[in-house]
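Below, all heavy atoms of this structure are taken into account, side chains as well, without hydrogens, waters or symmetry copies. Please read these numbers as outputs of a predicted model, since none were measured by experiment.
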Amino acid sequence: MAPPYYADLGKKANDVFGKGYHFGVFKLDLKTKSESGVEFSSGITSNQESGKVFGSLSSKYAVKDYGLTFTEKWNTDNTLATDITIQDKIAAGLKVTLEGTFAPQTGSKTGKLKSSYANDTVAINTNLDLDLAGPIVDVAAVLKYQGWLAGVHTQFDSQKAKFAKNNFALGYQTRDFALHTNVDNGKDFGGSIYQKVSDKLDCGISMKWTSGSSDTLFGVGAKFALDQDASLHAKINNKSLIGLGYQQKLRPGVTLTLSAAIDGQNFNAGGHKVGVALELEP
């Protein structure tokens with residue numbers, strides 16, 4: 001099994017804390033697929049606090065014989081995006097993506113060239129910002145040895161001629177257990193532990209700390225599967241912020257998620273948030 005990419009280190013613990021929660025929003029996601037193989041995804045999110053509504057629409061078409069994937073995206077911020085990806089054709093395990101965005105109202109354009117390569121011992125990914133004034137080069141690599149993972153992530157800003165990011169990570173991962181620690185720019189420290197206690201219970205611990213600050217963020221979370229179609233989610237941190245979630249598959253392709261965020265330190269003051277999400281797919 002190939003090691004994860006740098007951005008996916010600690011993903012199992014992050015999923016315990018992140019998936020199954022939609023605080024303060026009403027969300028609807030719809031996925032479908034045409035007879036010709038084109039995949040369509042659309043979504044709409046209404047923020048209860050700001051009242052802002054955000055929508056998006058994307059289409060994806062794969063030409064499997066040539067290893068090509070074409071993706072078109074649009075959102076209510078009036079931003080258009082196009083991705084072209086070729087995978088496993090230039091070399092086995094190599095994926096190359098050309099991304100471009102355009103905002104008609106402002107005329108703003110961006111472009112990125114992304115590549116990723118993975119085998120049984122190493123996972124490397126690079127991002128090149130196609131800015132003629134001076135590109136930003138982003139490089140990350142993860143090495144794996146007998147379950148141990150070591151990663152490095154750096155970003156070089158050619159306009160300022162300096163390194164904008166210098167991040168390091170170390171971890172250990174098996175099928176049922178994952179340990180992850182990281183240091184970002186020499187001052188931000190983080191760590192997480194994931195444990196699959198049983199077929200029904202997943203648990204996670206997360207900690208973050210910044211050098212020069214006495215403020216430490218520590219949290220524990222869990223996901224419990226009631227059955228094949230329903231699950232409970234819960235998390236709490238040292239600031240007494242409590243997150244609760246309930247996810248139910250109403251029928252094949254229809255999933256409802258209910259969530260609530262509760263401020264335990266100011267329970268009677270209000271300000272708690274609820275969220276509802278509905279996912280539809282064939």
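- Using a cutoff of 4.0 Å between basic side-chain nitrogens and carboxylate oxygens, Asp29 and Lys31 are not scored as salt-bridged.
- Atom NZ in Lys114 sits 11.0 Å away from atom CG in Leu98 (nearest 0.5 Å).
- Although no hydrogens or angles enter the test, the distance criterion places no donor-acceptor pair under 3.5 Å between the side chain of Asn185 and the main chain of Lys187.
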With a cut-off of 3.5 Å and sequence neighbours excluded, list every side-chain donor-acceptor pair involving residues 101-113.
{"from": "Thr101", "atom 1": "OG1", "to": "Thr110", "atom 2": "OG1", "distance (Å)": "2.2"}
{"from": "Thr106", "atom 1": "OG1", "to": "Ser108", "atom 2": "N", "distance (Å)": "3.3"}

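- Distance alone, capped at 3.5 Å, is enough to place a donor-acceptor pair between the Asn237 side chain and the Lys239 backbone.
- Side chains of Thr69 and Glu39 form no contact here, defined as non-hydrogen atoms less than 4.5 Å apart.
- Put simply, the side chain of Phe218 reaches to within 4.5 Å of the side chain of Ile205, judged on heavy atoms.
- Applying the side-chain hydrogen bond (donor to acceptor under 3.5 Å, both in side chains) test to every pair with at least one member in residues 244-267, sequence neighbours left out, gives these pairs: Tyr246-Gln248, Gln247-Thr257, Asp263-Asn266.
- Heavy-atom neighbours of Lys223 NZ from other residues, nucleotides or ligands within 6.0 Å: at or below the threshold of 12.
- Here the side chains of Val142 and Leu9 are in contact, with some heavy-atom distance below 4.5 Å.
- Residues Thr85 and Lys95 have side chains in contact (heavy-atom distance under 4.5 Å, counting atoms from C-beta outward).
- In this structure the side chain of Ile262 reaches within 4.5 angstrom of the side chain of Leu244, judged on heavy atoms.
- Summarising the geometry of Cys203 relative to Val197, their closest heavy-atom pair is SG-CG2, 3.9 Å, with the distance given to 0.1 Å.
- Under a 4.0 Å N-O distance rule, the pair Lys73/Asp83 qualifies as a salt bridge.
- Taken together through direct or relayed side-chain contacts under 4.5 Å among Ile, Leu, Val, Met, Phe, Trp and Tyr, Ile86 and Phe70 form part of one hydrophobic cluster.
- His153 pairs in a ring-ring contact (aromatic ring centres under 6.0 Å, His included) with only one of the listed residues (Tyr5, Tyr6, Phe163, Phe168), which is Tyr6.
- The 12-atom threshold is exceeded at CG of Asp88, counting heavy atoms of other residues, nucleotides or ligands nearer than 6.0 Å.
- Note: His272 NE2 to Phe23 CZ = 13.0 Å, rounded to the nearest 0.5 Å.
- The environment of Lys144 atom NZ is dense: over 12 non-hydrogen atoms of other residues, nucleotides or ligands sit within 6.0 angstrom.
- In this structure, the side chains of Val276 and His22 stay at 4.5 Å or more apart for every pair of heavy atoms.
- Of the possible polar contacts, one joining the Thr76 side chain to the Gly55 backbone as a donor-acceptor pair under 3.5 Å is found.
- Distance check, rounded to the nearest 0.5 Å: CZ of Phe156 to NZ of Lys162 gives 11.0 Å.
- A 4.5 Å side-chain heavy-atom check between Val53 and Ile44 finds at least one atom pair inside the cut-off.
- Using a 4.5 Å heavy-atom cutoff, the side chains of Val152 and Asn166 are not in contact.
- Heavy-atom neighbours of Phe177 CZ from other residues, nucleotides or ligands within 6.0 Å: above the threshold of 12.
- Atom-to-atom distance recorded for Trp74:CH2 and Thr82:OG1 is 14.5 Å, nearest 0.5 angstrom.
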Show me the side-chain donor-acceptor pairs of residues 123-131 shorter than 3.5 Å, one per line, residues at least two apart or across chains.
{"from": "Thr126", "atom 1": "OG1", "to": "Ser115", "atom 2": "OG", "distance (Å)": "2.5"}
{"from": "Asp131", "atom 1": "OD1", "to": "Ala133", "atom 2": "N", "distance (Å)": "3.0"}
{"from": "Asp131", "atom 1": "OD2", "to": "Gln159", "atom 2": "NE2", "distance (Å)": "3.2"}

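- A salt bridge does not link Lys208 to Asp184: none of the charged nitrogens lies less than 4.0 Å from a carboxylate oxygen.
- Between the side chains of Thr121 and Asn119, a donor-acceptor pair is found at a separation under 3.5 Å.
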